[in-house]
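So the structure is just underneath, and the comments pick up after that.
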Protein chains: 2
Amino acid sequence: MIKVSRLADYAVVVLVAFTRSDDALLSAAALADKTKLPEPTVAKVLKLLAKDNIVKSIRGAGGGYSLDKPIGNISIAEIVKAVDGPIAVTSCVDGATGSCDYEGCCAVKGRWNPVNVALHSALENVTLADMTS
Amino acid sequence: MIKVSRLADYAVVVLVAFTRSDDALLSAAALADKTKLPEPTVAKVLKLLAKDNIVKSIRGAGGGYSLDKPIGNISIAEIVKAVDGPIAVTSCVDGATGSCDYEGCCAVKGRWNPVNVALHSALENVTLADMTS
DNA sequence: ATCAAATAGTATAAAAACAGTACTCTTTAT
DNA sequence: ATAAAGAGTACTGTTTTTATACTATTTGAT
């Protein structure tokens, strides 16, 4: 089964939780409480999302995370990319070298690209808003 | 990273090998030889493909596998489905019950469906022919 | 009838990836 | 200064995946 990691799933849950709150700034602990997910896990997800600027983080006492884009502008593609890494269907993408034993003789070398492109654009076109409606 | 299994990758390689051969009927051993993939692996892939009627199998001495659809009619979606199981992005799909601890309170219950649909149609629209051209 | 070639089905062991957690470091409001 | 809160990293147990092996069944050839 093609799948995204559970963490990506959590990411969506956490991001949706923002939209259900009156506060714009929420700490990891507060979000854990809202989502009923374990706090360390929520913290991990938020760190990953912050690194890719999907949420904005404010450090220090009284800090937390905020969502400064409308959820209609956040695609599943970017969430998955932030949490699970690049969206690519096989390990042998583009110019990646040295990872495949059959490189020299592989009949489909580089051929998964149309699939990657299709997949990526599919995920770009689904936004967080689509998942809450 | 979103990915399909390596087996799906092999499946594509093996199917492409059919199109490069003059014989319509090829044994697992012959295909292993052509693709330089290990024979047990090729055999496993072919079994899975046969189960979903992507290749036709003929048992017994002198038997083997044949491809009786044009490769333009074989989508990546069906190959992935045969080899990796149903294309669904998370474990909590549709009516699947009992697998998720947060079922009672999950804010995005059933919401991954738009993603599944997008993904599926993306993979349907890429055929084996697209990967050889 | 028997044998050998070939696929079908199932099981298993090793390797890799993932999930979850914990710990330390840095930043900042009070 | 202190405490709250995020950043970064590392570790461990579990789960999945991968590759292989083994047995059963089918079928053509002699």
Side-chain angles (χ1 to χ4, degrees), chain A residues 1-11 13-14 23 25-33 35-67 80 82-86 88-92 99-102, chain B residues 1-11 13-14 23 25-33 35-67 80 82-85 88-91 99-102:
Chain A
M1 181 159 83
I2 289 190
K3 63 169 194 286
V4 298
S5 73
R6 193 178 294 207
L7 227 49
D9 202 346
Y10 294 157
V13 175
V14 168
D23 303 317
L25 192 66
L26 290 163
S27 70
L31 284 164
D33 191 51
T35 56
K36 314 281 188 232
L37 294 172
E39 194 268 334
T41 301
V42 172
K44 188 177 186 173
V45 167
L46 286 165
K47 276 178 244 184
L48 289 166
L49 294 174
K51 208 184 286 184
D52 274 35
N53 298 311
I54 293 169
V55 295
K56 196 170 66 182
S57 71
I58 294 174
R59 300 179 65 159
Y65 296 91
S66 66
L67 200 58
V80 169
V83 172
D84 289 349
V89 137
T90 58
S91 20
C92 74
S99 54
C100 178
D101 295 341
Y102 304 104
Chain B
M1 177 158 91
I2 289 191
K3 62 166 194 287
V4 298
S5 72
R6 192 178 294 207
L7 226 51
D9 201 346
Y10 294 157
V13 175
V14 167
D23 303 316
L25 191 66
L26 290 164
S27 69
L31 284 164
D33 191 52
T35 56
K36 313 279 188 237
L37 294 171
E39 195 269 334
T41 303
V42 172
K44 187 178 187 174
V45 167
L46 286 165
K47 277 179 239 182
L48 290 166
L49 294 173
K51 209 184 285 185
D52 273 35
N53 297 310
I54 293 169
V55 295
K56 198 170 66 181
S57 71
I58 294 175
R59 299 180 66 161
Y65 297 91
S66 65
L67 199 60
V80 169
V83 171
D84 289 349
V89 138
T90 59
S91 20
S99 54
C100 176
D101 296 341
Y102 304 104

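Not measured: the values here are computed from a predicted model.
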- Message: Out of the candidates A:Val45, A:Leu37, A:Leu26, only one should pair with A:Leu31 under the side-chain contact (heavy atoms from CB on, under 4.5 Å) rule; please name it.
- Response: A:Leu26

- Message: Side-chain N or O of B:Tyr65 versus OP1/OP2 of C:dA8: is the shortest distance under 4.0 Å?
- Response: yes

- Message: Output the rounded distance in Å from CZ (A:Arg59) to P (C:dT28).
- Response: 7 Å

- Query: Going through the distances and angles, do A:Asp52 and A:Val83 end up as a side chain to side chain contact (heavy atoms under 4.5 Å, CB included)?
  - Reply: CA-CA 9 Å; A:Asp52 274 35; A:Val83 172; over 6 Å; no

- Counting any heavy atom closer than 4.0 Å, what does B:Ala28 reach on the DNA or RNA strands: base, sugar-phosphate only, or nothing? sugar-phosphate

- Note on the structure: Value for CG (A:Leu25) from CD1 (A:Ile58), rounded to nearest 0.5 Å, stands at 5.0 Å

- Please name all residues satisfying salt bridge (charged side-chain N to carboxylate O under 4.0 Å, His left out) with A:Asp33, sequence neighbours left out, ordered by chain then number. none

Using a cut-off of under 3.5 Å, enumerate the N/O to N/O pairs linking the protein to nucleotides 2-5 of chain C.
unit_1, atom_1, unit_2, atom_2, d
C:dA5, N3, B:Ala61, N, 3.3

- Taking atom C1' of C:dT7 as reference, at what distance in whole Å does atom CG of B:Leu31 sit? 13 Å

- Work out which heavy atom in A:Tyr65 is nearest to a heavy atom in A:Ala50; give both atom names and the distance. CE2-CB, 4.1 Å

- Nucleotide nearest A:Pro38 when distance is taken to its side chain, options C:dT21, C:dT7, C:dG20: C:dT21

- Query: Mind checking which nucleotides bracket the chain B contacts on DNA chain D, 5' to 3', with an atom under 4.0 Å from a heavy atom?
  - Reply: D:dT18 to D:dG28

- Message: Run the salt bridge (charged side-chain N to carboxylate O under 4.0 Å, His left out) test against B:Lys56 and tell me which residues pass, sequence neighbours left out.
- Response: B:Asp68

- Item | From B:Ile54 atom CD1 to B:Leu67 atom CG, the distance as rounded to the nearest 0.5 Å | 9.5 Å

- Query: Is it true that a side-chain atom of B:Asp84 and a backbone atom of B:Ser5 form a donor plus acceptor pair closer than 3.5 Å?
  - Reply: yes

- Task: Scan residues 44-55 of chain B against DNA chain D and write down, sorted by residue number, each residue with any heavy atom closer than 4.0 Å; if none is found, say none.
- Result: B:Lys44

- Tightest non-hydrogen contact, residues B:Val42 and B:Ala28, listed as CG1-O, 3.7 Å

- Query: Does a nitrogen or oxygen in the side chain of A:Thr41 sit under 4.0 Å from OP1 or OP2 of C:dA19?
  - Reply: no

- Spatial distance of atom CG (A:Leu46) from atom OG (A:Ser57) [nearest 0.5 Å]: 9.5 Å

- Task: Have a look at B:Ala29 and say if it touches a base, only the backbone sugar-phosphate, or nothing, with a 4.0 Å heavy-atom cut-off.
- Result: nothing

- Message: The criterion is side chain to side chain contact (heavy atoms under 4.5 Å, CB included); which residues satisfy it with A:Ala29, sequence neighbours excluded?
- Response: A:Ser27, A:Glu39

- Message: From CD of A:Glu39 over to P of C:dT21, roughly how many Å is that when rounded to an integer?
- Response: 10 Å

